[in-house]
Structure formats: structure tokens, C-alpha cells
Protein chains: 2
Amino acid sequence: MRATDRPAAGARTREPAIARQPTENPSPIDADEPWMRGLHADTGYLLYRLGLRSGQAFNTFLQESGVRLRHYAVLRYLATSEGALQRELSTRLGYDPSAIVGLVDDLEKQDLAERRPSPDDRRSRIVVLTERGRTFLRDTDEAGLRVTNDLLAPLDPAERETLHALLLRVADRP
Amino acid sequence: MRATDRPAAGARTREPAIARQPTENPSPIDADEPWMRGLHADTGYLLYRLGLRSGQAFNTFLQESGVRLRHYAVLRYLATSEGALQRELSTRLGYDPSAIVGLVDDLEKQDLAERRPSPDDRRSRIVVLTERGRTFLRDTDEAGLRVTNDLLAPLDPAERETLHALLLRVADRP
DNA sequence: AACAACTATTGACGTCAACAATTATTGCTT
DNA sequence: AAGCAATAATTGTTGACGTCAATAGTTGTT
């Protein structure tokens, strides 16, 4: 990959370039200069954009359930760990501690999780799934998978597997 | 205010997990249940999370430049299309029309882009890059690539290529 | 006993996405 | 040509979200 070669490509005859009538413009990506490559040429931007789309898809799926993606993430994490300190939820899920407060509040209001005092440290609260939280996860699991499958529709199973593995590699480093 | 905490917390020793909330789906609790797989088992969630990380990385990179990721996206789009209606920016970039207004406002304030009246339709404005916008893209291009490279550090070039191709396939369907 | 570090919590501030409503303009219909 | 639906840009509002600062209660250390 070219690192620092940007040798005075200037002299771009500043064409006025108006009135393109671009209602159905098929993106003329003939980049004679590197800085004018399209947005989709950047993997980071693709990730950003697909992340938004994925989050939206998940949220609309969860919309009927009363919880949102962030709550769902907490629930799923609790399903694997069976009890977690709020501080742990914060660091593992990447949310601010102050955000965890509200999330657990909401989950408690819906009887999907509950706080228990920690026997070791009275500062800490241990958040655990309730029975209703468990059945909620069980009932929504299938539909949740469908959301992802929908998102990855253009890929065949093998490609999805590859994508997942690559994303995992990228993600696994705090 | 820690007055009334957990009133009747008496018999809560082990949670024998009897479904007192009879759902219409009486599936029993098996050993390894699918609904308790980790969050990272879901590609959609991985995308969501990496998208957030990518967006943050881009924003911190752009922070010094005075613009943010959304502005940068507009600029990059303008670099390829050389003039676009705000409505076009809205649909192609996925932002709400009302968001485009503020973005173009900001870009105009910094003399990175400007609105021009459309000769065909007086309702429309054509947004074009200014000369300063072009040099801005040219100057920040290299650092922008570095952000993505940093994000994809765990992957070798071939894997990045694969990932990019897969993401492109997923993204390309409006 | 005093003090620094930590956990959960609250509050404030700015960003951001999703909608509804408004203004100016266009195109269609009659 | 006059009325009317559709459209482009804009304004405003609402709620979600991330970040940071500050606080109360608690722990461990000195």
C-alpha cells in the first residue's frame, strides 16, 4: 500500500461542474486521484455504515418487546455469565457505568433482570437474569437470528462464516 | 436514599427455575441452550459493535480538523460526484434530509463546500466542493487510511481484501 | 483514624437519528 | 389559468446515546 506518495498531483483543472442532473447517477468512480475514491472504498466506513444498519435492524426487531439493543446485549451477556457486576457489564459491553444504571433499571422494571447485593462487597450489585428474562431470551432468540440472517442475505453460509471469523479477529482486542 | 431495598427478599437461595409464567411455548430447559450463546456469536452484533468502534476512531481522527464523520462522508461523496442535490446526499448517504441541512451549513461555514442554485429546479440546491474542500480531502486522505489500517491491524492484507469484498456485498443493496 | 481507590449513581452537555410541520416551488389536472 | 398534489429544503421537536464531572457509600491501606 502506498504510504506517503502524494506527489503534487495538483493541477486539477478546476472544472465548474454544475448541472449534472444526477437523479440516477451511476457513480463515475474513475479516480484519477487517490483522495477521490468513493466512500465504499474504505472498509472502516463500510463497517460504520453496516453497524448502523445492523443496530437499526435489531432495534426495530426488539421494538415490540419493549427493550432495545443495549438491553438485549445486557441480557445476552447475563445469559452466559449468570450474574455480573455492573462494573463488569460496563467494561465488557463497552457502555459507560452511568449507562448501565439506566439499563438495569429498565430491565428490573420489566422483571427481566434484578440486582442482588454482593456478599463480598457492599458497593457492588450483582445483576442476574430473572426467570422471565430467561424465557424472554428463549422466545426471542429465533427472531434475533433471523435479523442477522436477513442482514447477511447476500452471502452464502460459507461466506457468512468467513465474515464472522474475520470480524471476530478484528473485534477481539480490547 | 437507600431506604426500602428489596422488601421481600427472603426465600431467594437458588432459583429452582420453575416457570411460573407459563408462556405459550413450554420448551424445557436443556443443557446447552441456543439462546445462551455469547454476544460475539452473532455477526449482526459484531457489526454493530465494530461499527461503533470504527465511527469513534474516525471521529477522533477528524476531531482536530473541525469536521466529523458525517461531514467527511458528505465531502467524500462530493469528491466522486462533483456536485449533488441535498436530496441525493440524503438518499445516498442514508441521512435524513434535515440532517443534510446542518451538515452542509457546517461545511459552508468552513468553506469546504458551497450551495449553488440549480438551474433546472429552484427548489433544489447543488452542493459542490470548494477548492479548499478538495485540498482538505487531499491532505486528510492519508491519515484517514491509517485509521482504517489501524482498525484492521489483526488482519493481513489478503484478509482485509476478503473482508472488504464481503462487506461490500452486504452493503450494496439500497 | 485518616486517606486513597473504587462502585454505583446522578446530573449536565453535546451529538445524533427519526418525525412532523412549514415554505417555496414544480408538475399535473381540469 | 387556477387548483392541487408532490417535491426540496428547512425548522423544530423528541428521544436515544456517549462522555464527562461530581457525589455517596464502601473498601483497603497506611
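Chain letters run A, B, ... following the sequence lines, proteins first, then strands; residues in each count from 1.
Within the structure, side chain to side chain donor-acceptor pair (under 3.5 Å) pairs that include any residue of residues 103-113 of chain B comprise His71(B)-Asp106(B), Asp105(B)-Arg115(B), Glu108(B)-Arg115(B) (at least two apart or interchain).
Note: CG (Leu85(B)) to C1' (dA9(D)) measures 11 Å, nearest angstrom. Distance CD (Gln86(B)) to P (dT11(D)): 10 Å, rounded to an integer number of Å. Arg115(A) places its CZ atom 16 Å from the P atom of dT7(C), with the value rounded to the nearest Å. As a whole-Å value, the separation of Tyr95(B) OH from dC19(C) P is 17 Å.
For Gln56(A), there are no side chain to side chain donor-acceptor pair (under 3.5 Å) partners at least two apart in sequence or on another chain. Residues satisfying the salt bridge (Lys or Arg N to Asp or Glu O under 4.0 Å) criterion with Glu159(B), sequence neighbours excluded, are Arg169(A). Every residue two or more places apart in sequence or in another chain that forms a side chain to side chain donor-acceptor pair (under 3.5 Å) with Thr148(B) is listed here: Asp42(A). For Phe58(A), there are no ring pair (Phe, Tyr, Trp, His ring centres under 6.0 Å) partners two or more places apart in sequence or in a different chain. By the side chain to side chain contact (heavy atoms under 4.5 Å, CB included) test, Arg122(A) pairs with no residue at all, sequence neighbours left out. Here Phe136(A) pairs with nothing under the ring pair (Phe, Tyr, Trp, His ring centres under 6.0 Å) rule; sequence neighbours left out.
Both Ile100(B) and Leu52(B) lie close to DNA chain D; mapped to their nearest nucleotides by heavy-atom distance, the more 5′-ward contact belongs to Ile100(B). Between Leu103(A) and Asp121(A), the one whose closest nucleotide on DNA chain D sits nearer the 5' end is Leu103(A). Both Ile126(A) and Gln56(A) lie near DNA chain C, and the one whose nearest nucleotide falls closer to the 5' end is Ile126(A).
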Are there any protein N/O atoms within less than 3.5 Å of an N/O atom in nucleotides 12-16 of chain C, and if so, which ones and at what distance?
| from | atom 1 | to | atom 2 | distance (Å) |
| --- | --- | --- | --- | --- |
| dC16(C) | OP2 | Arg68(B) | NH1 | 2.9 |

Interface polar pairs with nucleotides 3-7 of chain D, N/O, under 3.5 angstrom:
| from | atom 1 | to | atom 2 | distance (Å) |
| --- | --- | --- | --- | --- |
| dT7(D) | O2 | Arg123(B) | NH1 | 2.5 |

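For Asp105(A), counting side-chain heavy atoms from C-beta on, the closest listed nucleotide (dT25(C), dT10(C), dA9(D)) is dT10(C). You'll find that the side chain of Val101(B) is closest to dT11(D), out of dT11(D), dA8(C), dT27(D). Of the listed nucleotides (dA18(C), dT27(D), dA8(C)), dA18(C) has the atom at the smallest distance from the side chain of Asp96(B).
Under a 3.5 Å cut-off, the side chain of Asn59(B) and the backbone N or O of Leu69(B) do form a donor-acceptor pair.
In this structure, Arg122(B) reaches the dT26(C) phosphate: one of its side-chain N or O atoms is under 4.0 Å from OP1 or OP2.
No side-chain donor from either of Tyr72(B) and Arg68(B) sits under 3.5 Å from a side-chain acceptor of the other.
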